[in-house]
Structures are given as C-alpha cells and as structure tokens.
Asks: 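Take this structure, written in structure tokens, and hold onto it; I'll ask about it next.
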Amino acid sequence: MNPLNSPLEVGVRALALLAESHPEPMDLTQLVLLDYALLHSAEFDGPQSLHPDLPARPGELGMKRRLLEQGLLVLVRAGLAGIEAHHDGLKYRATERGPAFIDILEAPYADRLRDRAEWAVHEYAPRVDVDAATRALISRPAETPLPTEASRD
C-alpha cells in the first residue's frame, strides 16, 4: 500500500477538518476544496503550505474526491465520523471520538495538520464560495494564483 495519498492519509486529513468544524457537518465538495487548501495554504494567503507545490496541483482534485470518499468510509467504519442526510445531500460530521483521535496524534506533521485545518475551517472557508473556488481551481493553469475571496450567494 502506498502510504502517501492513501485513503487512510486522506481520511486523517478529512478528520482534522471535520474535527475542527465539529459539530458542524461538511459535504464532500467542501472537504475536497478544504483538503486542497489545507495542503497548499500559501496559495490562499494562509500559513506555509503543508505539502510542496507541484506543477500538476489542479489535477489533484479529480483523484482527491475518490480518495476522500474512501477515506471517509474508513472514518465511518472506525466510528470517528458519521454520514447524515440533509436537504442538499449527504454531509459528514466528526463523532465525539473524532476530535479526540486527532488530538492524540503526536508528530510535527500532525501539529502542522491541525494548524492548517484550523486555518482552513475558520479563516479560509467562511470567505469562499466552494463551487466557484473549485471551478476556478480546475480551470486555471498551475502557475496562476487563485483569487483569495469569492462572492457568496
């Protein structure tokens, strides 16, 4: 198994985001964008990026959605997250055990992950239109910076 970008690694990143937003749920589109922002936070006027910049970054979103779905299933099976039906689709929420699991991780990477998740959920997410930002990310050349703010409907 490849540990990098495996469903387990992506699931842990999703859990960090869900733990930070707890008790508020998130849908898959939000998680995909926030996971990207968490990894490449410097692109969004945030803290230093967690992962290095690569030329094919926009291509990550296609793979990320599938991996996130798999990672979320790992979290659900482990009792760290749950799936809820909402009027606008399925949403994921950390269970009470989810934030506690993230808090027990002890490694410099885990500390940086928690910091970026806090930034993504509390500073980046409130000022961005998820659909517009995702479209902009998919359609831009890799070297073009993203707008930091998008209008909300």
Side-chain angles (χ1 to χ4, degrees), residues 2 4-47 49-99 101-102 112-153:
N2 181 5
L4 298 175
N5 285 317
S6 68
L8 181 59
E9 179 193 359
V10 176
V12 169
R13 292 196 315 254
L15 184 58
L17 292 165
L18 291 171
E20 194 58 46
S21 73
H22 189 265
E24 294 300 315
M26 290 191 202
D27 65 25
L28 189 58
T29 303
Q30 288 172 298
L31 286 167
V32 168
L33 180 65
L34 292 181
D35 184 60
Y36 183 92
L38 176 146
L39 294 176
H40 306 290
S41 49
E43 276 186 45
F44 302 91
D45 295 327
S49 295
L50 193 58
H51 287 187
D53 290 338
L54 300 172
R57 284 187 318 274
E60 287 180 34
L61 292 183
M63 291 293 296
K64 189 176 297 295
R65 185 174 185 92
R66 182 180 57 78
L67 285 169
L68 258 169
E69 288 173 328
Q70 293 171 353
L72 288 163
L73 287 175
V74 170
L75 298 177
V76 169
R77 288 183 188 129
L80 300 172
I83 303 172
E84 303 172 357
H86 286 254
H87 71 281
D88 55 348
L90 296 177
K91 293 195 176 190
Y92 300 87
R93 181 190 317 261
T95 64
E96 294 299 322
R97 293 174 50 200
F101 179 84
I102 291 296
R112 291 191 308 269
L113 176 64
R114 281 189 291 270
D115 290 344
R116 297 329 179 272
E118 180 180 359
W119 169 82
V121 170
H122 298 293
E123 293 182 41
Y124 176 66
R127 62 185 167 99
V128 70
D129 175 300
V130 173
D131 293 332
T134 300
R135 281 192 302 275
L137 186 60
I138 289 170
S139 64
R140 77 180 173 100
E143 56 280 342
T144 305
L146 284 174
T148 57
E149 294 197 24
S151 61
R152 288 187 160 261
D153 293 340

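Everything quoted here is computed from the prediction, not taken from an experiment. Computed from heavy atoms alone, side chains included, the values below leave out hydrogens, waters and symmetry copies.
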Asks: Is the distance between the ring centroids of H40 and F44 less than 6.0 Å?
Replies: no
Asks: Do you know the tightest heavy-atom contact between A14 and L68?
Replies: CB-CD2, 3.5 Å
Asks: Rounded to the nearest 0.5 Å, how far apart are CD of E24 and NE2 of H22?
Replies: 9.5 Å
Asks: Quick one: are L33 and Y124 in side-chain contact, heavy atoms under 4.5 Å?
Replies: yes
Asks: Could you tell me whether the side chain of L39 reaches within less than 4.5 Å of the side chain of K64, counting heavy atoms only?
Replies: yes
Asks: Does any part of the side chain of E43, heavy atoms only, come nearer than 4.5 Å to the side chain of S49, both counted from C-beta?
Replies: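 S49 does not reach E43 side chain to side chain.
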Asks: Given 3.5 Å as the limit, does a donor-acceptor pair link the side chain of S41 with the main chain of G46, or not?
Replies: no
Asks: Roughly how far, to the nearest 0.5 Å, is NZ of K91 from CD of E84?
Replies: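 Reported value, rounded in 0.5 Å steps: 9.0 Å.
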Asks: So how far is it from L72 CG to Q70 CD, rounded to the nearest 0.5 Å?
Replies: 10.5 Å
Asks: CZ of F101 to CG of L15: how many Å apart, nearest 0.5 Å?
Replies: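 Answer for the CZ-CG pair, F101 versus L15, is 7.0 Å.
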Asks: Got L113 and L50 here, is their nearest side-chain heavy-atom distance under 4.5 Å?
Replies: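 Contact flag for L113/L50 side chains = yes.
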Asks: Within the structure provided, determine whether L17 and L38 are in side-chain contact (heavy-atom separation under 4.5 Å).
Replies: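 Of all side-chain heavy-atom pairs linking L38 with L17, at least one is under 4.5 Å.
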Asks: Output the distance between atom CH2 (W119) and atom CD (E20), rounded to the nearest 0.5 Å.
Replies: 12.5 Å
Asks: Is L80 close to L18 at the side-chain level, that is, under 4.5 Å between some pair of heavy atoms?
Replies: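 No. Closest side-chain heavy atoms not under 4.5 Å.
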Asks: So, R65 side chain and V32 main chain: donor-acceptor pair closer than 3.5 Å or not?
Replies: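 Such a contact is absent between R65 side chain and V32 backbone.
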Asks: Looking only at heavy atoms, what is the nearest atom pair of L67 and S6, with distance?
Replies: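 Scanning both residues completely, I find the closest heavy atoms to be CD2-C, 4.4 Å.
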Asks: Distance check, rounded to the nearest 0.5 Å: E123 atom CD versus D45 atom CG?
Replies: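 Atom-to-atom, E123:CD and D45:CG are 11.0 Å apart.
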Asks: Is the side chain of R13 donor-acceptor paired with the backbone N or O of E9 at a distance under 3.5 Å, no angle test?
Replies: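 Pair absent, no side-chain N/O of R13 close to backbone of E9.
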Asks: Hey, are the side chains of H86 and D27 touching, using non-hydrogen atoms and a 4.5 Å cut-off?
Replies: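 Sidechains of D27 and H86: no contact.
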